[in-house]
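This report refers to the structure that appears directly beneath it.
Excluded from the calculations below are hydrogen atoms, water molecules and symmetry mates; all remaining heavy atoms, backbone and side chain alike, are included. Reminder, nothing fancy here: chain letters follow the sequence lines and each chain counts from 1. Predicted model, so just to flag it, every value in this text is computed and none were measured.
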Number of protein chains: 2
Amino acid sequence: MQNLTEQPITAADKTFFQLRKDIVEGVVLAGSKLSETELSTKYGVSRAVVREAINRLEACHIVERKANVGARVVSLSAEGLVDLYQVRESLEGMAARLAAQNMTDDEIADLNGLLNVHSQDVKNHGSYYQEAGDVDFHYRIILGSKNNHLIAMLVNGIYHLVRMYRVQLGMSGPRVSTAFDEHKHIVQAISNRDGELAEMLMRRHILYSKNNIQRKLAPEQG
Amino acid sequence: MQNLTEQPITAADKTFFQLRKDIVEGVVLAGSKLSETELSTKYGVSRAVVREAINRLEACHIVERKANVGARVVSLSAEGLVDLYQVRESLEGMAARLAAQNMTDDEIADLNGLLNVHSQDVKNHGSYYQEAGDVDFHYRIILGSKNNHLIAMLVNGIYHLVRMYRVQLGMSGPRVSTAFDEHKHIVQAISNRDGELAEMLMRRHILYSKNNIQRKLAPEQG
DNA sequence: CAACCTGATGTTGTCGACAATATAGCAAAG
DNA sequence: CTTTGCTATATTGTCGACAACATCAGGTTG
């Protein structure tokens, strides 16, 4: 008997994942054109699967396509970042609210455990582990919302764009310990089943995060 | 010279629009299977364009697809409705906040004008016009946010699902005048450039709307 | 009789070829 | 010299055919 939740993986899936990875990590440059024929030879599949992959990338706002002209990787801009983080603030705020109301006690205990591990990692290692830990933290709260629409939008949609901004603008550095405190307070609110507070704290957390990135992106304002 | 903003419309576009319309309006039943060959003969196009249309519908969460099995129209359920409206509350709340900060004075004046027309319509006609007016009202505020991510998610994504629930559950009826008052207060907040209040009022407005639909969907609770 | 295997059938996934459209370069008129 | 129109080229949009897979019916074995 095979695992029932496991999906078969088609060539289009693989191409989609690979292309998304290449774009997010900057192997394929932001703003560059995506030629279907070129990509089909590059990934060793037919144009049809490349088209399907590009269509899916368009659905997550990672590429833009014009009829009869073609698809381009989105360009990273200050406005785009602000737009993205406003949506993120809104959706993840709601996720935190719902997580406070829908997560099981076990899941909340796990979340507290993650926070402890995280705390150790911050002391021992550098900021990269923080990055992974941060993603994990937000990921668990999103899943904790138990809202499938929310989960799909954030996990399959927005988060890869967020990662793209982070990777290509070289995020890391400070804000490690302060972000950790913010995480701790959010988990406290969730533990207390205080959705209202959890949402507020999550929104402020993401707002601060946005301001932090913006400061790096436009340093002439300092 | 032709209009620069006008996009060429491909067969895939037309098929996508038509199929979405048929699904939202119940011509194609919720939960039913979408056979690619069947649809290709029905709409007179090749399987490739049907596939592209289905892919786009999957991106807006109107159909679900399993590899090597096929696509099904989503089933309408109480849980799905709750999930959907929670996302809507979150995103449209943010839209109202941003609209208060980003709409021009002219746009706000237009919005007030719409409210007046709307007020007349409610007195003269029935609830159907209310439905159209309601959509128009929310639509303007969404656009007023000037946030392209938000606009795309709501207009191209969520709103067709909302319409699907409304149409197929036979929404209309009461809540006309109370909804109108809520609209009025939201516009007042936007006019005062009070984003905080606009968001709160919009969220409550959508929450009430959700409760109203839920009451119809599960009348055994009364 | 139940469980499993096997083959037939219809569906989706993938492919290469053709048609339609946009773009760049060149030629000609003003 | 600039601008307009045309042609050549390359890209995307669309199509029909084949391959891979899921599903169901019938037969076989324990």
What I want to find out is whether [X] reaches [Y] closely enough, with some N-O distance under 4.0 Å, to be called a salt bridge.
X      : Y      : answer
B:K146 : B:E107 : yes
A:R163 : A:E25  : yes
A:R51  : A:E36  : yes
B:R56  : B:E52  : yes
B:E199 : A:R203 : yes
B:D105 : B:R193 : yes

Output the rounded distance in Å from [atom1] ([X]) to [atom2] ([N]).
X     : N      : atom1 : atom2 : answer
A:F16 : C:dT14 : CZ    : P     : 14 Å
A:E36 : C:dT21 : CD    : C1'   : 13 Å
B:E52 : C:dT12 : CD    : P     : 17 Å
B:Y43 : D:dT14 : OH    : P     : 16 Å
B:E58 : C:dT12 : CD    : C1'   : 14 Å
B:N55 : D:dG13 : CG    : P     : 14 Å
A:R72 : C:dA22 : CZ    : P     : 17 Å
B:D13 : D:dT12 : CG    : P     : 16 Å

Can a cation-pi geometry be assigned to B:R20 and B:F17, taking NZ or CZ under 6.0 Å from the six-membered ring centre and within 45° of the ring axis? no
Between [options], which nucleotide has the shortest distance from any of its atoms to the side chain of [X]?
X     : options                : value
A:R65 : C:dT12, D:dG13, D:dT12 : D:dG13
B:K33 : C:dT14, C:dT11, D:dT23 : C:dT11
B:V49 : C:dG13, D:dT14, D:dA22 : D:dT14
B:V69 : D:dG13, D:dA22, C:dT14 : D:dA22

Only stems of 3 or more consecutive Watson-Crick or G-U pairs count here, both distances under 3.5 Å; name the ones for DNA chain C, or none. C:1-30 with D:1-30
Most 5' of B:L34 and A:R47 on DNA chain C, judged by nearest nucleotide: B:L34
Whichever of A:N68 and A:S46 has its nearest DNA chain C nucleotide further upstream toward 5': A:S46
Contact class for A:A48 (heavy atom, under 4.0 Å): base, sugar-phosphate, or nothing? base
At under 4.0 Å, does any side-chain N or O of B:R51 touch on OP1 or OP2 of C:dT12? no
